[in-house]
Amino acid sequence: MLMPKRTKYRKPHRISYEGKAKGHIKLNKGEYGLQAKTGGYVSARQIEAARIAMTRYMKRGGEVTINIFPHLARTAQALGVRQGTGKGSVDHYDAVVKAGTIMFEISGVSEDIAREALRLASHKLSVKTRIVTKESGENN
């Protein structure tokens, strides 16, 4: 599971996912990519599930690049705890994804295999996505 080695603060405030992305809006390493159409929080478990779905379908051929990382610690109170005892302990880590971010890139496989692998990965994520390609110029 992905998680940061060190964090500046143990329990940070939530980071907004509203608005458009500034970075990772063009394909850099791959020919095909999965772009977020909406913003949201993507958990480390969802990123790992999407990665596994892609690599299994491609039969470990080609190369998968992950452009997002779960930096944001999310807290949760234990079940059955009454209100008013402060903030809970860190439960899991999320990646903050804004609209337009290219989350995954694939290279080294044919287009139909890449599209199907990215489609399978998109079902594992909590944001709406679309598949972009380098030659069509959709990645703007």
Rounded to the nearest 0.5 Å, how far does CD1 of Ile106 lie from OG1 of Thr133?
12.5 Å

Hey, is Asp94 close enough to Arg74 for a salt bridge, meaning N to O under 4.0 Å?
yes

How about Met103 and Val127: do any of their side-chain heavy atoms sit closer than 4.5 Å?
yes

Does atom NE2 of His13 have more than 12 heavy-atom neighbours, drawn from other residues, nucleotides or ligands, at distances under 6.0 Å?
no

Flag side-chain contact, heavy atom, 4.5 Å: Asp91 against Thr75
no

Give a yes or no answer on whether the side chain of Thr101 reaches the backbone of Val97 with a donor-acceptor pair at less than 3.5 Å.
no

Rounded to the nearest 0.5 Å, how far does CD1 of Ile68 lie from CD1 of Ile102?
12.0 Å

What one should report as the nearest heavy-atom pair of Met54 and Ala117 is CG-O, 3.4 Å

When you measure from the side chain of Gln35 to the backbone of Val132, do you find a donor-acceptor pair of N or O atoms at a distance under 3.5 Å?
no

Going from CG on Leu72 to NE2 on His92, what distance comes out if it is rounded to the nearest 0.5 angstrom?
8.5 Å

Closest heavy-atom pair and its distance - Ala73, Pro12
CB-CD, 3.9 Å

Quick one: do Glu48 and Arg51 make a salt bridge, cutoff under 4.0 Å?
yes

Option from Leu120, Ile131, Val109 for which side-chain contact (heavy atoms from CB on, under 4.5 Å) with Arg115 holds
Ile131

CZ on Arg119 to CG on Leu34, rounded to 0.5 Å
12.0 Å

Lys11 side chain to Gly88 main-chain N or O, any donor-acceptor pair under 3.5 Å?
yes

Nearest heavy-atom neighbours spanning Gly86 and Gln77
O-NE2, 2.8 Å

Spacing of Leu118 atom CG and Thr129 atom OG1 [to the nearest 0.5 Å]
8.5 Å

Same cluster for Tyr32 and Leu125 if Ile/Leu/Val/Met/Phe/Trp/Tyr side chains link at under 4.5 Å?
yes

Taking a hydrophobic cluster as the set of Ile, Leu, Val, Met, Phe, Trp and Tyr residues connected by side-chain heavy atoms closer than 4.5 Å, whether directly or through intermediates, do Val96 and Phe69 fall within one such cluster?
no

What pair of heavy atoms forms the shortest contact from Gly100 to Ala21, and how long is it?
C-CB, 4.1 Å

Any idea which heavy atoms bring Thr85 and Val81 closest together, and the distance?
OG1-CG1, 3.8 Å

Quick check against the 3.5 Å criterion: does Tyr17 have a side-chain atom that pairs as donor or acceptor with the backbone of Ala95?
no

Decide yes or no on side-chain hydrogen bond (donor to acceptor under 3.5 Å, both in side chains) for Glu105 and Asn67, but give the supporting numbers first.
CA-CA 8 Å; Glu105 295 182 40; Asn67 292 335; 2.8 Å; yes

Nearest-0.5 Å distance, OG1 of residue Thr7 to OH of residue Tyr93
5.5 Å

Whether Glu116 side chain and Glu111 backbone form a donor-acceptor pair below 3.5 Å:
no

If you count heavy atoms of other groups shown closer than 6.0 angstrom to NZ of Lys87, is the number above 12?
yes

State whether the side chain of Gln46 and the backbone N or O of Ser43 hold a donor-acceptor pair below 3.5 Å, judged by distance alone.
yes

For Thr38 and Lys128, indicate whether the former's side chain and the latter's backbone hold a donor-acceptor pair under 3.5 Å.
yes

